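I have placed the structure first, in the form of structure tokens, so that the comments after it can refer back to it.
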Amino acid sequence: MIRSDTPVYRLRTLPSDLGVALVTLIALGLGWLLMVQTTGRTRPYAEPDAGLRLAYPAGWISVDSLQDLLLKVEDPQTASAFKTTLSVERRDLDPANPPTLQTLLDRRVQEHAQLIGYHLLADGEATLAGQRAILLEYAYVVQPIDTPRRASLPVVVHAREYLFITKDRSYYITIAAPEISFVQASAQFERIIQSIEL
């Protein structure tokens, strides 16, 4: 009688196991491709008078703002009462006496000082679509659902903002996200910044 250390049932089920593993790998690969295609889709935005152009994630939705903004969109999938937002603000300048980027930065820091719990994290020079710009990073606290008798904890918001000047305008491009979502939002913001054309 011949004895073998390998049980017979392992030999019989090996082709089935390989088939299941192969089907699983193909399903995971197709799922990954679908995710990449979905998250990689963008929606274009162009300033009405042929100024600034950019592309933001297609799944983001337009929202109203109390400020006078060219664009404000948010990611409805953000796992927080405060949603990741992208805003673009434009201010007209006096071409005879345009401010410097440093002046704009000082003004912006003073404006942001009104935010609850405002804390400047960093500032420095950057390049945006070939233009010299200032990069400003800061944090603040917001109460996203400010309704009586509605339980809602304050949210720490992390924001990154580019300030730059064209011939007769200044622009402020800002992304703000809950602190817990900021790393993911930063990757999206970088793709948005790379899409900017002036």
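Heavy-atom basis, side chains included; hydrogens, waters and symmetry copies ignored. Remember, it's a predicted structure, so these values are computed and weren't measured experimentally.
Note that CG of Leu71 is 5.5 Å distant from CG of Leu86, once rounded to the nearest 0.5 Å. Here the OG-CD1 distance, from Ser186 to Ile175, works out to 7.5 Å after rounding to the nearest 0.5 Å. Here the straight-line distance linking atom OG1 of Thr174 with atom CG of Leu163 works out to 7.5 Å at 0.5 Å rounding.
Legend: residues meeting side chain to side chain contact (heavy atoms under 4.5 Å, CB included) with Val142, ordered by chain and number and at least two apart, are Phe82, Tyr140, Pro144, Val155, Val157. Residues meeting the side chain to side chain contact (heavy atoms under 4.5 Å, CB included) test with Gln114, sequence neighbours left out: none. For Asp168, the side chain to side chain contact (heavy atoms under 4.5 Å, CB included) partners are Pro95, Thr166, not counting sequence neighbours. Legend: residues meeting ring-ring contact (aromatic ring centres under 6.0 Å, His included) with Phe182, ordered by chain and number and at least two apart, are His158. Qualifying side chain to side chain contact (heavy atoms under 4.5 Å, CB included) partners for Glu179, counting only residues two or more places apart in sequence or in other chains: Val156. In this structure Gln184 satisfies the side chain to side chain donor-acceptor pair (under 3.5 Å) test with no other residue, sequence neighbours excluded.
Taking the six-membered ring where the residue is Trp, the centroids of Tyr45 and Tyr56 are separated by 6.0 Å or more.
One hydrophobic cluster, built from ILVMFWY side chains closer than 4.5 Å, cannot hold both Leu69 and Ile193; they sit in different ones. Residues Val109 and Leu101 fall within the same hydrophobic cluster, defined by Ile, Leu, Val, Met, Phe, Trp and Tyr side chains chained together at heavy-atom separations under 4.5 Å. The hydrophobic cluster containing Ile192 also contains Val88, counting ILVMFWY residues as joined when their side-chain heavy atoms lie under 4.5 angstrom apart, directly or transitively. When hydrophobic clusters are built by joining Ile, Leu, Val, Met, Phe, Trp and Tyr residues whose side-chain heavy atoms come closer than 4.5 Å, directly or via intermediates, Leu52 is not grouped with Leu93. Two different hydrophobic clusters hold Leu121 and Ile180 under the rule that ILVMFWY side chains link at heavy-atom gaps under 4.5 Å.
Contact annotation: the side chain of Leu128 never approaches that of Leu198 to less than 4.5 Å [non-hydrogen atoms, C-beta and beyond]. Here the side chains of Leu104 and Ile134 are not in contact, with every heavy-atom distance at 4.5 Å or above. Put simply, the side chain of Glu197 does not reach to within 4.5 Å of the side chain of Leu54, judged on heavy atoms.
Counting non-hydrogen atoms of other residues, nucleotides and ligands closer than 6.0 Å to CG of Asp92 gives a total above 12. Heavy atoms of other residues, nucleotides or ligands lying less than 6.0 angstrom from CD1 of Ile116 number 12 at most.
Closest of all the heavy-atom pairs between Asp64 and Lys72 is O-CD, 4.2 Å. The two residues Thr84 and Ala177 have their closest heavy-atom pair at OG1-CB, 3.5 Å. The heavy-atom pair separating Gly59 from Pro76 by the smallest distance is O-CD, 3.5 Å.
Looking only at atom types and distance, the side chain of Gln110 has no donor-acceptor partner in the side chain of Asp106 under 3.5 Å away. Looking at Glu47 and Tyr171, their side chains do bring a donor and an acceptor atom within 3.5 Å of each other.
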ask   = Should Ile173 and Phe189 be marked as a side chain to side chain contact (heavy atoms under 4.5 Å, CB included) after you check the CA-CA gap, both sets of side-chain angles, and the distance that decides it?
value = CA-CA 10 Å; Ile173 301 174; Phe189 192 38; 4.1 Å; yes
ask   = Could you go step by step and tell me if Tyr162 and Ile196 meet the side chain to side chain contact (heavy atoms under 4.5 Å, CB included) rule?
value = CA-CA 12 Å; Tyr162 279 91; Ile196 290 177; over 6 Å; no
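Test Glu89, Glu137, His112 against Glu161 for side chain to side chain contact (heavy atoms under 4.5 Å, CB included) and you get one pass: His112.
Within the cation-pi definition used here (under 6.0 Å to the ring centroid, within 45° of the axis), Arg108 qualifies as a partner of Tyr172.
A donor-acceptor pair under 3.5 Å is formed between the side chain of Lys83 and the backbone N or O of Thr78.
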